[in-house]
Amino acid sequence: MLLRVDFNVPMKDGAIEDDTRIRAALPTIQFLLDREASIVICSHLGRPKGRVAEEHSLRPIAAHLQLLVGEPVGFVGQTIGPEAEQAAQALKSGELLLLENTRFNPEETKNDPDFARALAGLGEVYVNDAFGTVHRAHASTEGVAHFLPSAAGLLIEKEVQYLENALADPARPFVAVLGGAKISDKIGVVGSLIERTEALLIGGGMANTFLAAQGMDMAESLTEPDSYSVALELIEIAGEKLHLPTDAVVADDFSTEAATQVVEVENVPGGWRVLDIGPQTLESFEREVAGAATVFWNGPVGVFEMAPFAKGTMELARAIAQSSSVSIVGGGDSASAIRQAGLADQITHLSTGGGASLAFLEGRQLPGLAVLQA
Ligand code: 3PG
Ligand code: MG
């Protein structure tokens, strides 16, 4: 069995900071073990861009997986090649082997067919359970499925069920909250959410671009001038549905030691930058969320890794968890805010995919899924 998972977990100094994605793959691994499969597992970690980099090695993840599964997990320091072949060959029924980071090979992200064929040679059946990576047409998520009989794993099945059931015909009002730094990679989903929701709340760096596009001086705030014209079009289409911040926490430096103050978004002082939504915006966002029957959230509304700018995101997480709505949260940062607040069990579905859940919502074809259905 060749199993693709998404073990792209946050790491710090060789230690796993959050193993949610590894745990999320356990049902499929257990399912296969119960049926006495021998399992060759592959994943990417980070964006090493085709170069071998120790900090992106999957070796520490093999050790952690072994603890979680309670069975020995072998590790081989290459993705394809003679060592990987030998180790895969030697694998007996009920045994597990983890290959080195697929992205140490430049062929992976190019979806190179020769690389995909070599990877396929390590198994007889391909199972993709890497929901977080289904929006990528890479060799290990798409190419390989052209060479082996293929199926989706249990995590993908569950994610798709939630996203489809809750969001295709959502209980209304359906409110979406989008944050994060950039709008350039979220324009498609903003357009789709405007059509599908009753209210779209936007915070984080991406809100600055919408405000600046309307002529507001955002001073030192992060903005994307290349996206102003599309931002204006979206504002026009959205009308009343779009809720942008009306006030903000601004700082005179990008630092936890910076001086801060709350200002109306029209009044960002020269030399200052927006790093969180303000209390008035938070209150209005909380009100929208409290009245919703379905909430989808992706992306922090401020720089929540820095304590002085965490309030908007953490309070929003609480409001979403406490609402009686069907709540779906996607994206590493939003999910980690939910977990930090100890609210994970109050969310209907915490997705393991950020970009993937957005691509799904946007209605884009997901190459990693499409190839399994073909
Ligand atoms: C993610 O973390 O969003 C997935 O693992 C995909 O990673 P990528 O954005 O580097 O392709
Ligand atoms: Mg990502």
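Order of appearance sets the numbers: ligands from 1, and atoms from 1 within every ligand. Below, each value reflects all heavy atoms present in this structure, side chains not excepted, and no hydrogens, waters or symmetry copies.
- Of the candidates Gly355, Ser43, Gly132, the one placing a heavy atom closest to atom 6 (C) of ligand 1 is Gly132.
- Side-chain polar atoms of Thr141 and Arg136 form no donor-acceptor pair below 3.5 angstrom.
- Around CD of Glu17, the count of heavy atoms belonging to other residues, nucleotides or ligands within 6.0 Å exceeds 12.
- Within ligand 1, counting atoms from 1 as listed, the ones closer than 4.0 Å to a heavy atom of Asp6 are 4 (C), 5 (O).
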| said: salt bridge (Lys or Arg N to Asp or Glu O under 4.0 Å), that's the test. Do Arg339 and Asp18 meet it? Break it down for me. | reply: CA-CA 10 Å; Arg339 257 182 242 107; Asp18 179 348; 2.7 Å; yes
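- Residues passing the side chain to side chain contact (heavy atoms under 4.5 Å, CB included) test with Glu157 are Leu154, Gln161, sequence neighbours excluded.
- Close approach of ligand 1 to Arg103 (heavy-atom distance below 4.0 Å) involves ligand atoms 7 (O), 8 (P), 10 (O), 11 (O).
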_Stepwise salt bridge (Lys or Arg N to Asp or Glu O under 4.0 Å) test for Glu315 and Arg318_ = CA-CA 5 Å; Glu315 292 295 323; Arg318 195 159 296 125; 3.0 Å; yes
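- Shown in contact with Arg47 at under 4.0 Å from a heavy atom are these atoms of ligand 1, numbered in order with element: 8 (P), 9 (O), 10 (O).
- Atom numbering of ligand 1 starts at 1 in the shown order; those under 4.0 Å from a heavy atom of Arg136 are 8 (P), 9 (O), 11 (O).
- Taking a cut-off of under 4.0 Å to the non-hydrogen atoms of Asn8, the atoms of ligand 1 that pass are 1 (C), 2 (O), 4 (C), 5 (O), 7 (O).
- The residue His138 has no part lying near ligand 1, judged by heavy-atom distances below 4.0 Å.
- Heavy atoms only, all atoms of each residue included: Phe174 and Arg196 are closest at CD2-O, 3.5 Å.
- Residues passing the side chain to side chain donor-acceptor pair (under 3.5 Å) test with Glu362 are Arg364, sequence neighbours excluded.
- The closest approach between any non-hydrogen atom of Arg21 and ligand 1 is below 4.0 Å.
- Checked against a 3.5 angstrom limit, the closest N/O atoms of His135 and ligand 1 fall outside it.
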